[in-house]
Trainee: 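Below is a structure I'd like to ask you about.
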Amino acid sequence: MVKIKLPGGIERKYKDKVTVRNVANDISTKNRGSAIAGKLNSTLVDLDYAIETDTKLDLVMDNSEEGLEILRHSTAHVMAQAVTRLYPDVKLGIGPSIKDGFYYDFDLGRTLTQEDLEKIEEEMKRIIGADEPFKRSEEPREDAIKRMEKLNQRYKVELIKGLQDQTVSFYTQGDFIDLCKGPHVSSTKKIGAFKLLSVAGAYWRGKETNPMLQRIYGTVFTSKKELDKHLKLLEEIKKRDHRKIGVALDLYSFQDNAGAGLVFWHPKGGVIRNIIETFWREEHYKRGYDLIYSPHIAKIDLWKKSGHLDFYKESMFSPIDVEGQEYILRPMNCPFAILMYKTKIRSYRDLPLRWGELGTVYRYERSGVLHGLLRVRGFTQDDSHIFCRPDQLKDEIVGVIDLAQYMLESFGFKEYEIELAVRGMGEEEKYTGDSEKWVLAEEALRSALEEKELDFVRMEGEAKFYGPAIDIKIKDALGRGWQGPTIQVDFNLPERFDVNYIDSDGLQHKVVMVHRTVLGAMERFLGCLIEHYAGDFPLWLAPTQVRILPITDKHNDYGIRIKNKLSEMGIRSDCDLRNAKIGYKIREGTLEKIPYLLIIGDKEIEEETVSVRSRKKGNEGSVPLSQFIERVEKTVKDKA
RNA sequence: GCUGCUGUGGCUCAGGGGUAGAGCACGUCCUUGGUAAGGACGAGGUCAUGGGUUCAAAUCCCAUCAGCAGCUCCA
């Protein structure tokens, strides 16, 4: 007798062992889709898996996240089969399912082209049409190694040798066998609508010193409709790309003649950045910060002392010779704040000192990692260094979290992920300072997060070289997370630079430093912001808030008068005086994503009004200018 | 940095061993038009840069620079 507990308190009894498929057939799953695999006490198994003992069983449906994962994985196998048929000498790497799709790595001794992908797709369709069942088999490790050696699959041999288990499993479909834990769909026919998307190089096992394999990316869904929906989404995401919008809206550029990763902010991008920076400064003064400025370059000895030369060298530009002295372009601002702190003796009464700085730094990033505004070589951190006593540390961290949340909220970012970045095990050489201090620092960060009741993930090996950090990730159009705000606790640089204060006991004590940003870097933040709003900036950030569109040139004077009035009120506006029809001017203003277009003609001049066309609602009819100005002022104030 | 792809007027892109094309944008003129493209004419490019092959290179080859997709890195 086998007792099987199903979700919803259902229990079924079978006389003998029974396959997952049988159980699935016995219960109605019609309204949930079709079963693709089973889950026994959280272990995924094939439909053909025979259940022999009492257990809990969940059915995995083809339209569930887990079901899709299995489907993607199976499609990767089919792709490998197709590639093996077309290129018999291929050496197979790995082929997992990933978010939204799958990939498989191949060593072909040559590179693949778009045409190759089409051929592979066709072969895959043939395999799917042949309705080949996926069959699971198991064999002893040693036999498996021999089998793969015989097939001349060196990467697979390496994989098996890395496994601990004495038995390894394979999956076979048709003429193709692959090392795999499973589970898989029952047959190739179950694979719905797929598409191969791209091919790129990828190092074997992600190691730079290993050979580079050809990685083919693809995606698959249960139906063509869903696939098309996904492909459309990819298109939409592309349109949102800040690199496209940045050019279209004339916000910024990169210049070949100047160098990669160096941003030129055009006037319109400059306006946005300026508004953000003004807002940032005001908010900091409100919260008890002082703002400072420091140089962009300093003697190499400073960077030796700070530890940057030992721990951060790879990200720094080479030294510059100045009259026989070596200088370094700063990759961080912290040593400068420390030098400034040390210009006098500080009392415990002076602390905390919160010093903010929009500090431009330069980091050497390898050419291949540069990415629009999100990864650049010169950028401005909205930095701050807080010098405090140990007893003030937690409150300071909480204060920074508050500020970071307020900032992100103000810019409409409702979703972000929080990580607690700590040292990695066994990589002590990457970090400076003694362990106790690291424990203290992590403790302070963690307790602040707990006090704020924020969810976070602990990330090992992600700390800065001088201390652990809270890292807040904001997302780009492709869903990739980019580090924005960061809060780092540092007991180490105060040690290195001997940064003290006199406590009430009259003795010197080491200060604790908090390094933090609440936006991250202006460049990256703007990049994320562009994608977040898809270029439709809210009124308070829009480079041009209002455009006046005279219907004919005899209305131009009135248009200019309105423009001047708006300018007096601090509203950013322009007036389209071109000899063009109104529909044309409206189209251009719309494409430029200007929040308000004011159309003026005979009627408006006579009534002293403006006809409002808003980006959100379209034609809203005529209102007196004063009423429109009030509306704009209120919307700006509300950051709506 | 690595693998692959790409680089043609401000933008999007076609072409391709014999001395450059389209649409949009821009300028002038006609038109004075009421809520997403009126018309005509015109100007604008050493085809990324530097070498090489060739009678001849924007086109083929090499290098460099830059961009794109990944990998690695960074955080």
Side-chain angles (χ1 to χ4, degrees), chain A residues 93 98 103 105 107-108 110-114 116 197-217 238 241 243-244 247-248 250 253-262 312 314-316 331-332 363-372 374-377 379 381 419 421 430 459 461-465 469 471-473 478 480-486 488 517 520-521 524 549-556 578-592 597-604 611-615 617-622:
Chain A
I98 51 171
Y103 69 79
D105 288 344
D107 188 347
L108 285 156
R110 69 172 193 102
T111 56
L112 292 165
T113 62
Q114 198 59 38
D116 291 320
L197 296 173
S198 61
V199 56
Y203 301 110
W204 167 238
R205 299 201 137 177
K207 264 221 162 108
E208 249 177 309
T209 47
N210 283 346
M212 186 163 271
L213 312 180
Q214 295 284 300
R215 174 172 297 177
I216 303 179
Y217 285 91
K238 256 192 207 159
D241 195 315
R243 292 166 299 182
K244 268 228 145 71
V247 174
D250 195 16
S253 66
F254 292 95
Q255 300 295 326
D256 281 12
N257 318 344
L262 303 168
Y312 207 69
E314 282 179 13
S315 298
M316 290 155 72
M332 290 190 196
R363 296 184 184 172
Y364 166 66
E365 303 279 9
R366 296 203 284 174
S367 57
V369 306
L370 299 171
H371 184 90
L374 302 181
R375 190 90 180 259
V376 291
R377 284 182 173 155
F379 55 98
Q381 294 182 306
E419 294 178 356
K430 280 171 69 182
M459 301 292 280
E462 304 284 297
K464 325 295 150 174
F465 75 81
D471 286 336
I472 300 179
K473 310 259 170 165
L478 293 162
R480 289 179 287 209
W482 293 90
Q483 182 169 320
T486 177
Q488 305 153 10
T517 66
R524 179 175 287 181
L549 309 180
I551 286 179
T552 75
D553 51 18
K554 70 174 189 260
H555 309 118
N556 282 357
R578 290 177 307 173
N579 175 10
K581 287 175 103 170
I582 194 66
Y584 185 85
K585 293 182 181 179
I586 288 170
R587 178 181 153 82
E588 291 233 320
T590 308
L591 290 177
E592 283 180 51
L597 302 176
L598 299 183
I599 290 119
I600 52 167
D602 291 338
K603 190 174 139 238
E604 284 73 22
S611 173
V612 178
R613 186 185 168 95
S614 72
R615 189 176 58 202
K617 289 190 193 151
N619 187 2
E620 298 186 20
S622 298

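Quick caveat, the model's predicted, so the values are computed rather than measured. Residue numbers start from 1 in every chain, and the chains themselves are labelled A, B, ... in the order their sequence lines are given, proteins ahead of strands.
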Trainee: Given the C1' atoms of B/rA69 and B/rG10, what is the spacing between them in whole Å?
Mentor: 26 Å
Trainee: Write down the distance separating the C1' atoms in B/rA14 and B/rU6, rounded off to the nearest Å.
Mentor: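 Result for the C1' pair: 15 Å, nearest Å.
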Trainee: Please tabulate the protein-to-nucleotide N/O contacts below 3.5 Å involving nucleotides 1-11 of chain B, giving atom names and distances.
Mentor:
from: B/rG1; atom 1: OP2; to: A/S367; atom 2: OG; distance (Å): 2.5
from: B/rG1; atom 1: N7; to: A/G368; atom 2: N; distance (Å): 3.1
from: B/rG1; atom 1: N2; to: A/Y203; atom 2: OH; distance (Å): 2.7
from: B/rC2; atom 1: O4'; to: A/Y203; atom 2: OH; distance (Å): 3.3
from: B/rC2; atom 1: O2; to: A/Y203; atom 2: OH; distance (Å): 3.4
from: B/rU3; atom 1: O2; to: A/G201; atom 2: N; distance (Å): 3.4

Trainee: With rounding to the closest Å, how many angstrom separate the C1' atoms on B/rG17 and B/rC47?
Mentor: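 Straight-line distance between the two C1' atoms is 14 Å.
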Trainee: In residues 253-262 of chain A, what donor-acceptor pairs under 3.5 Å come from side-chain atoms, sequence neighbours left out?
Mentor:
from: A/S253; atom 1: OG; to: A/Q255; atom 2: NE2; distance (Å): 2.8
from: A/S253; atom 1: OG; to: A/H266; atom 2: NE2; distance (Å): 2.8

Trainee: Expressed in angstrom and rounded to an integer, what is the separation of A/R363 atom CZ from B/rC74 atom C1'?
Mentor: 9 Å
Trainee: With a 4.5 Å heavy-atom cut-off, do A/I599 and A/N619 have their side chains touching?
Mentor: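 Not touching, per the 4.5 Å side-chain cut-off.
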Trainee: If you measure from the P atom in B/rC62 to the same atom in B/rG44, how many Å do you get, rounded?
Mentor: 36 Å
Trainee: Once pairs are restricted to Watson-Crick or G-U wobble with both distances under 3.5 Å, how does RNA chain B read as a dot-bracket string, [ ] for crossings and | for other-strand pairs?
Mentor: (((((((..((((....[..)))).(((((.......))))).....(((((..]....))))))))))))....
Trainee: Only counting residues at least two apart or in another chain, list the ones meeting salt bridge (charged side-chain N to carboxylate O under 4.0 Å, His left out) with A/K244.
Mentor: none
Trainee: Between B/rU8 and B/rA48, how far apart are the P atoms? Round to whole Å, please.
Mentor: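 Straight-line distance between the two P atoms is 6 Å.
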Trainee: With sugar-phosphate meaning primed atoms plus P, OP1 and OP2, does A/Y103 contact a base, only sugar-phosphate, or nothing at under 4.0 Å between heavy atoms?
Mentor: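 Counting heavy atoms under 4.0 Å across all strands, no contact is made by A/Y103.
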Trainee: Round to a whole Å and report the spacing from NE2 of A/H371 to P of B/rC71.
Mentor: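 These atoms are roughly 12 Å apart.
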Trainee: Considering residues at least two apart in sequence or located in another chain, which fulfil the salt bridge (charged side-chain N to carboxylate O under 4.0 Å, His left out) criterion with A/R375?
Mentor: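 Per chain and number, A/R375 pairs via salt bridge (charged side-chain N to carboxylate O under 4.0 Å, His left out) with A/E365.
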Trainee: When rounded to the nearest Å, what value does the distance between C1' atoms of B/rC26 and B/rG9 take?
Mentor: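 Per the computed distance, 11 Å lies between those C1' atoms.
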Trainee: Give the ring-plane orientation class for A/F465 versus A/Y312, where under 30° counts as parallel, over 60° as perpendicular and anything between as tilted.
Mentor: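 Tilted: the ring planes of A/F465 and A/Y312 meet at 30° to 60°.
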Trainee: Apply ring pair (Phe, Tyr, Trp, His ring centres under 6.0 Å) to A/Y217 and list each qualifying residue two or more places apart in sequence or on a separate chain.
Mentor: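 Testing A/Y217 for ring pair (Phe, Tyr, Trp, His ring centres under 6.0 Å), a comparison that skips the adjacent residues, returns A/Y103.
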Trainee: May I have the distance from A/R215 (atom CZ) to B/rC71 (atom P), rounded to whole angstrom?
Mentor: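 Checked: the CZ to P distance equals 6 Å.
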Trainee: What contact category does A/Y312 fall into here, base, sugar-phosphate, or nothing, at under 4.0 angstrom with non-hydrogen atoms?
Mentor: sugar-phosphate
Trainee: Roughly how many Å apart are B/rG38 and B/rA25, using the P atom of each and rounding to a whole number?
Mentor: 9 Å
Trainee: RNA chain B: A/S198 or A/E419, which has the more 5' nearest nucleotide?
Mentor: A/S198
Trainee: Nearest whole Å is fine: how far is B/rC65 C1' from A/Q255 CD?
Mentor: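 The distance from CD of A/Q255 to C1' of B/rC65 comes to 14 Å, rounded to the nearest Å.
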Trainee: Could you run down nucleotides 31-44 of chain B 5' to 3' and tag each one B, S or - for protein heavy-atom contact under 4.0 Å?
Mentor: BBBBBBBB------
Trainee: Can you list the residues that meet the side-chain hydrogen bond (donor to acceptor under 3.5 Å, both in side chains) rule with A/D602, with sequence neighbours excluded?
Mentor: A/H555
Trainee: Which residues pass the ring pair (Phe, Tyr, Trp, His ring centres under 6.0 Å) test with A/F379, not counting sequence neighbours?
Mentor: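 A/F379: no ring pair (Phe, Tyr, Trp, His ring centres under 6.0 Å) contacts found.
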Trainee: Nearest whole Å is fine: how far is B/rG67 C1' from A/K244 NZ?
Mentor: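 About 12 Å, once rounded to whole Å.
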Trainee: Please enumerate all residues that pass side-chain hydrogen bond (donor to acceptor under 3.5 Å, both in side chains) together with A/R578, with sequence neighbours excluded.
Mentor: A/D576, A/E588
Trainee: Kindly write out the residues that satisfy salt bridge (charged side-chain N to carboxylate O under 4.0 Å, His left out) with A/K585, not counting sequence neighbours, or none if the list is empty.
Mentor: none
Trainee: Taking the P atom in each of B/rA58 and B/rA20, what is the distance between them to the nearest angstrom?
Mentor: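 Each nucleotide's P atom is 10 Å from the other's.
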Trainee: Sequence neighbours excluded, which residues qualify as salt bridge (charged side-chain N to carboxylate O under 4.0 Å, His left out) partners of A/D105?
Mentor: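 In terms of salt bridge (charged side-chain N to carboxylate O under 4.0 Å, His left out), with neighbours along the sequence ignored, A/D105 is linked to A/R215.
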Trainee: Does a side-chain N-to-carboxylate-O contact under 4.0 Å join A/K473 and A/E462?
Mentor: no
Trainee: Reckon A/R375 touches a base, only the sugar-phosphate, or nothing at all at heavy-atom distances under 4.0 Å?
Mentor: base
